Engineer: 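Input: one structure, supplied below.
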There are 2 protein chains.
Amino acid sequence: MLTYELGKKRGRPLYEQLYIAVKNDICQGKLQAWEKLPSKRDLARHLSISVATVENAYGLLIAEGYISAKAKSGYYVIPHNHIQAQQTLPPSPPPPEKNKNDFLDLRSNSLSDNDFPFSVWSKLMRKTMTEYGKQLLQNTPAQGIAALRQGIAAHLYQFRGMEVNYENIVVGAGAEYLYNLLIQLLGRHHYFGVENPGYPKISQIYHANDVAYADLPLDDSGLSLWHLRRSPVDVIHISPSHHYPTGIVMPFQRRQELLTWAAEQANRYIIEDDYDSEFRFCDNPIPALISSDQHERVIYVNTFSKTISPAMRISYMILPSHLSQTFKQKLAFYSCTVPSFDQYTLAKFIQEGYFEQHINRMKNRYKNKRDKIIAAIEESDLHNKVEILEQNAGLHFLLRLDTKKSDQELIRLAAESGVLISCLSQYVHGNEEKYAHHIVVNYSSLDFEQLRPAVAKLAAIIRA
Amino acid sequence: MLTYELGKKRGRPLYEQLYIAVKNDICQGKLQAWEKLPSKRDLARHLSISVATVENAYGLLIAEGYISAKAKSGYYVIPHNHIQAQQTLPPSPPPPEKNKNDFLDLRSNSLSDNDFPFSVWSKLMRKTMTEYGKQLLQNTPAQGIAALRQGIAAHLYQFRGMEVNYENIVVGAGAEYLYNLLIQLLGRHHYFGVENPGYPKISQIYHANDVAYADLPLDDSGLSLWHLRRSPVDVIHISPSHHYPTGIVMPFQRRQELLTWAAEQANRYIIEDDYDSEFRFCDNPIPALISSDQHERVIYVNTFSKTISPAMRISYMILPSHLSQTFKQKLAFYSCTVPSFDQYTLAKFIQEGYFEQHINRMKNRYKNKRDKIIAAIEESDLHNKVEILEQNAGLHFLLRLDTKKSDQELIRLAAESGVLISCLSQYVHGNEEKYAHHIVVNYSSLDFEQLRPAVAKLAAIIRA
């Protein structure tokens, strides 16, 4: 039980002394995220103070976002992001004596050089220029040009069986930009919940916007419902198709549970980040969460940066109808951030079938790379020291190592032998033993001939 | 003097009753923006209540942003934007029976169709593609590619004598996007001040971001220092080179006064929106405010949408060195929102001299248009009914009309005869008689042959 020395002589009211003491314990990590606090009655008895004093102190802690009260359940510590956000992903730079190009980089999820369909793209650019000429100079409507949004809707229908009204699509210069817009659209009073571990930029964006947000832990099915229900969060930001970096594909039941959670209250939303759903390597495509949404609770976000080129900067979101109306009223004064030229060109790229061709070609190429790197691992000395965790999807997988070396040590040793790696633990806020000793293998930008040497070098480090 | 019936029987403490009464008067417009409130002592005596009660009520009003206290000066009503923001620029749609193309649109500041240097641009795109190839696929650095920022710095030096370190330039997809970034960079605790009248999107952006902001009135020299000093504002957003829509060019003395104001406190900044400075039609160029800034207080923002094409969506800002450092620490995780392809192409466009050529050509074209439309006005029946207010700059001027018709009536009559106009009063929050009867003439998108009929139609309306 929490034990503090409180006393009238200390110059502050008792409830304020208690509030400060608990707050300090949270900030210093003595009270862990999601830890349950004693009930008001128990703590009052334990500290020989009145229940009203504990009530006042807990009230302040709730108001400031340190703890959360759940009816019939109790008080829980909320992960304290404003301290932790700065600690994410400590840089692990390569030792200076080597040239950057000498390294095999398993951290980068950029595309490999030869994948962009340059000749088709430039042909379409010329065609766009001839065909639309003056129209390219007009101001673009806030949501993006209709032709592109119609193309996206048609693609989603053919490729993922999603039925989408193109009027509800908003095009923007990158998913990060759209998340900024979403904060303005939904309102700053919301409490956002991000996956922990997760893609670090997501919490960085909420942090930079200074809105309330909390880390929500994952279990084997993805975002933990137990923690969600004990948190003040009303908007969750998740990637159910393929979580980064754990690779979890959220099973049917958890999806239904989250949709049920969202439907319970009118202010709850789910932001579905579907960033690499196009790259699923087996025959049972997973439907998007938005397709099961009966209550207009899901906002779907996807990007062409992953599928075509990170230099592209075209992403889109699909809003529920009522939010689409709000967007038109509140935010349609913004100019669309994507040049109309790029929008018309991309519309053609989709419409003339090049996008589907491109995705299929990429999917094969990535599947080949993945098969080769997995084969290389299984044929190497590494094979009985590691476990490969992957689910037939996306451009990365996890390698669980049987080692006593710390993650920091592994990263350093790998860098010294010329392989740049990142570990799952770098994507986690706080320390959790279960996330140690997992290398996140991003293979999309590796050349085939780099795979085998990279695996051999890793094997040497683990063995040593 | 404010007179309210307050009494203990009303169930709320007296100070709360007074707070509500004053707040209502502000919201209903009975207390005007910038009106001075009675001193605490005077109001207490007048209402037969204690000074402490007035103090409590004023304290609440200050905390909620309704009024502002200035030492040795008194209490002033702050313009209440959250009500007014929705009222800006009521739409004045064309009557439905006419085709949109039948109208002469004096409201649009878009560029005319034939102005975009298509052939040069597409030549440079091909060149960029051949030359940079794979580099175009890399993630762009958060601030934009170095070549473009160096090109911008060189252009500013040649064209406006500005000495800028390209390391302090941040490129983004439109000025609106950069203003969003600036709110995150400076911090949401700031109180922003916007020009009233002014370009409506500016206050819409602060409104959408839910930060504190206030309208600041103009006098003949631009933003009123008197009002600024009596406001809680610490960041002002101004366009000193050429204010929209009044056309005011801020004189030297006011610039110095504002720079002095900003230098007085470390949290004060000036956002200098230099959106059409390239189009100044006489030989004495006005230096940018940032060039006189000795204390790192000015943030300079400009765009290529005005100079090349609104479809372009490339803007930039120049940060003071200390803010540039903060940007690198706090916001460099964001991907740059402008495609690298466009950045490389624009860098070439500037570097190979096309940009300067283009601006000079455009400047001549706009000057011609302006001279023609002014001549058309002076030769028409309108000449003794109007006064032309313009300062050799920018792509618009004001036409002050000698008429008894209301602005709403003028807009309706003009639309009925096929001319779409906007009035200065539409850009004002609140009612100020001095802003009535001014048409904002945006001529950049008009063809020469449209000028004379537009003027004739306007003359007919004024005469009637």
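This is a predicted model, so every value here is computed, not measured. Lettering of chains follows the sequences in order, A, B, ..., and the numbering in each one begins at 1.
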Engineer: Heavy-atom pairs under 4.5 Å with chain A - which of B:Val338, B:Asp342, B:Ile314 has more of them than the others?
Structural biologist: B:Asp342

Engineer: So which heavy atom on A:Arg188 is nearest to which on B:Asp210, and how close?
Structural biologist: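 A:Arg188 and B:Asp210 have their closest heavy atoms at CD-CB, 3.6 Å.
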
Engineer: Quick one: salt bridge (charged side-chain N to carboxylate O under 4.0 Å, His left out) partners of A:Lys123, sequence neighbours excluded?
Structural biologist: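 So A:Lys123 forms no salt bridge (charged side-chain N to carboxylate O under 4.0 Å, His left out) with any residue.
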
Engineer: Would you compute the distance between atom CZ of A:Phe341 and atom OG of B:Ser122 and round it to the nearest 0.5 angstrom?
Structural biologist: 8.0 Å

Engineer: Please classify the contact between B:Ile183 and chain A as side chain, backbone, both or neither, with a heavy-atom cut-off of under 4.5 Å.
Structural biologist: neither

Engineer: Hey, is the main chain of A:Cys336 close enough, under 3.5 Å, to the side chain of B:Arg313 for a donor-acceptor pair?
Structural biologist: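 Checked: pair present.
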
Engineer: Tell me, side chain or backbone of A:Tyr334 under 4.5 Å from chain B's heavy atoms, or both, or neither?
Structural biologist: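 It is both, since atoms from each part get that close.
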
Engineer: Under 4.5 Å between any side-chain heavy atoms of B:Lys330 and A:Gln204, yes or no?
Structural biologist: no

Engineer: Please classify the contact of B:Thr140 with chain A as side chain, backbone, both or neither, using a heavy-atom distance under 4.5 Å.
Structural biologist: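 Looking at B:Thr140, nothing touches chain A.
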
Engineer: So, A:Gln184 versus B:Asn180: side-chain donor-acceptor pair below 3.5 Å or not?
Structural biologist: yes

Engineer: Tell me which donor-acceptor pairs under 3.5 Å the side chains of residues 171-178 of chain A have, and how far apart each pair is, sequence neighbours excluded?
Structural biologist:
residue	atom	partner	partner atom	Å
A:Glu176	OE1	B:Ser335	N	2.7
A:Glu176	OE2	A:Lys201	NZ	2.6
A:Glu176	OE2	B:Ser335	OG	3.1

Engineer: With a 4.5 Å cut-off on side-chain heavy atoms, are A:Met125 and B:Arg126 touching?
Structural biologist: no

Engineer: Is chain B contacted by the side chain of A:Leu185, its backbone, both, or neither, given a heavy-atom distance below 4.5 Å?
Structural biologist: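 Neither part; nothing is under 4.5 Å.
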
